[in-house]
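Everything numeric here is computed off the predicted structure, so don't read it as measured data.
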Amino acid sequence: MTFKSAFWFNLALVSVPLSATVAPPPSTETAKTNLAKAGPIENFDLFQLANGIDDGALNSEAITSAYLARIAAVDDSGPMLNAVIATFPDALDQARAMDAELKAGKYRGPMHGLPVLVKDNIEVAGPIPTTAGSFALANNITGRDAPLIARLREAGAVILGKTNLSEWANIRSDNSTSGWSAVGGLTKNPHALDRNSCGSSSGSGAAMAAGLAAATIGTETDGSITCPAGVNGVVGFKPTVGLVSRRYVVPISHSQDTAGPMTRTVRDAAILLTAMAGTDPEDPTTADADKWRGNYAAGLSEDGLKGMRIGVLRAPNVDVALFDDAIATLKKGGAEVVVLEMPNLDRRKMGMAEFKVLLAELKSDLADYLQGLPENGVPHKTLADIIAFNKANADKELAYFGQDTFELADKEASLDDPAYKEALATSRSLAAGAINGLLSTHKLDVIVAQTNGPAWISTLGKGDAFSGPSASQMPAIAGFPHLTVPMGLSGELPVGLSFIGGQWHDHQILKAGYAYEQLSKKRATPTYKPSVEAK
């Protein structure tokens, strides 16, 4: 394979597998010249950049330099998206080390030398604290990589920096403004700067849409990958809970938390997930991960929908024209489409049980995390300590909304409480039962639904004006995989199409989403307009 044919003149040629060995990297000056001739860095996806390295036309230092310049131009100035909290001062050193390995004949795979931005509730070794967006963790420099970061480094990724988020992953208050944190400010949606970027992985979604890295990492408890991906017009994948380690990630809920990729394409998400996934002996939920993990980019094909039986859930408030067009695309791809009735379950009961679980696990899991920190200047050991810090620093932390959810969580009993155990059993039974029931009753491979409604105008201090629909709750509670792929523009704002499946069926979901993506080609380039009219 030559760089000229696969990268320069045919950027659509992304189905060609990467070589087992790569050409020696060029000088950085030559690589920068090649990249500049090929086009702006924001125009390329991860796989295309990997092909550039594979062909010997690009190197990691040139790519990393281009992203750092892009962050300076778009995030720190210009539109000032506030998507990136900080970049690592050793990013270029990491890149040069990856280039040196290539010169020595060592190639780690398709992530080799490619820069990744990481949500700032995931620990990364280095001088940048892991804050979860709160000044309470301003000194949280642990000197350790979360296992998922260690896996990315082993795959050759350059850890470029930390992305902004909804503070404490949007669990502090029911009246929060998504995308805002005390540390990072308010993240703007690059499709319309007055619109919300959703939460909690707001910075990862906005950064990916704006082309600030080859890929980004988000985390989700319920909707925190899929909603930001949907409203920012990118791909987001919440894997089966337990496929990716959660250790050294600031927690909400061990029952529902997971990290996942947020990328330009489904193939990119599959490449990133392949690097991230795996068993962590110190995260018991991942015990079966090695049994299920594999090369998630293998077998992706435009023909992936052929022979699939897909159930369609049409929730209230969908964009009818876009959704109907998506269904037509699924049929065009060879899928048998079954229109489903909404599951007959008590959603209020499920939601109340989920909330009880999140409150109880937040109190317990956050205390475990805080008490497990190295002696590094973070004095807080419990949720009560964080609540007290916020009250003492109300001018910075509580200026726009309170901490009512924190205060509710702090009243919870231990995880031995029968009420918590009953809520956990109830929420899981209802959510998993509904999804598994649809899959088995209708002999389905995948369920699809509209991921989100268009982004709303951000109003700090007035909460969110989210109007739905939302496809996140059932797969979030059940711990099942959930992929969102751009479905098109509702007015001038992106919405996503969700692909949901059974536990450990991550690869099947990616195959379906990839085929839809290749047939629909609905990803929209951000406009950075100050404002747009909603449909």
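Between K356 and the options L424, D417, L408, T426, a side chain to side chain contact (heavy atoms under 4.5 Å, CB included) holds for only D417. Residue V118 is tested with I149, T163, L148 for a side chain to side chain contact (heavy atoms under 4.5 Å, CB included); the sole match is I149. Each of S204, S200, C198 was compared with P228 under the side chain to side chain contact (heavy atoms under 4.5 Å, CB included) criterion, and only C198 meets it. Between R246 and the choices D283, D257, D368, D365, the salt bridge (charged side-chain N to carboxylate O under 4.0 Å, His left out) rule is met once, by D283.
Counting heavy atoms from C-beta on, the side chains of L362 and F406 come closer than 4.5 Å. Within the 4.5 Å cutoff, no side-chain heavy atoms of H191 are placed close to those of V532. At a threshold of 4.5 Å between non-hydrogen side-chain atoms, the residues V231 and L493 do not count as touching.
At distances below 3.5 Å, at least one donor-acceptor pair connects side-chain atoms of E220 with backbone N or O atoms of I225. Listed for the R264 side chain is no donor-acceptor partner under 3.5 Å among the backbone atoms of L46.
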Original post:
What's the verdict on salt bridge (Lys or Arg N to Asp or Glu O under 4.0 Å) for D325 and K332, showing C-alpha distance, side-chain angles and the deciding distance?
Top reply: CA-CA 10 Å; D325 184 61; K332 176 184 175 183; over 6 Å; no

Subject >> Residue pair Q256, E361: steps toward the side chain to side chain donor-acceptor pair (under 3.5 Å) verdict >> reply: CA-CA 10 Å; Q256 295 183 205; E361 293 188 358; over 6 Å; no

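Applying the side chain to side chain donor-acceptor pair (under 3.5 Å) rule to K511 yields no partners; only residues at least two apart in sequence or on another chain are considered. Listed by chain and number, the residues in a side chain to side chain donor-acceptor pair (under 3.5 Å) with D404 are S173 (sequence neighbours excluded). Scanning for side chain to side chain donor-acceptor pair (under 3.5 Å) contacts around E492 gives K529, with sequence neighbours left out. Scored by the side chain to side chain donor-acceptor pair (under 3.5 Å) test, T274 finds no partners at all (sequence neighbours excluded).
Side-chain atoms of S224 and N170 include no donor-acceptor pair closer than 3.5 Å. In the model, E282 has no side-chain atom that pairs as donor or acceptor with a side-chain atom of Y248 under 3.5 Å. No hydrogens or angles considered: a donor-acceptor pair under 3.5 Å links the side chains of D319 and S490. Using a 3.5 Å distance cut-off with no hydrogens or angles, the side chains of K119 and S201 do pair a donor with an acceptor.
Residues P469 and V318 approach most closely at CG-CG1, 4.2 Å, considering heavy atoms. Smallest separation of non-hydrogen atoms from T130 and V124: OG1-N, 4.0 Å.
Counting only residues at least two apart or on different chains, the side-chain hydrogen bond (donor to acceptor under 3.5 Å, both in side chains) pairs with a member in residues 438-458 are N196-S458, T451-T484, T451-S498, W456-D464. Residue pairs satisfying the side-chain hydrogen bond (donor to acceptor under 3.5 Å, both in side chains) criterion with at least one member in residues 228-242, sequence neighbours excluded, are listed as follows: T240-D506.
Between E167 and R172 there is a salt bridge, since a side-chain N of the basic residue sits under 4.0 Å from a carboxylate O of the acidic one. Salt bridge D45/R267: absent, no basic N to carboxylate O contact under 4.0 Å.
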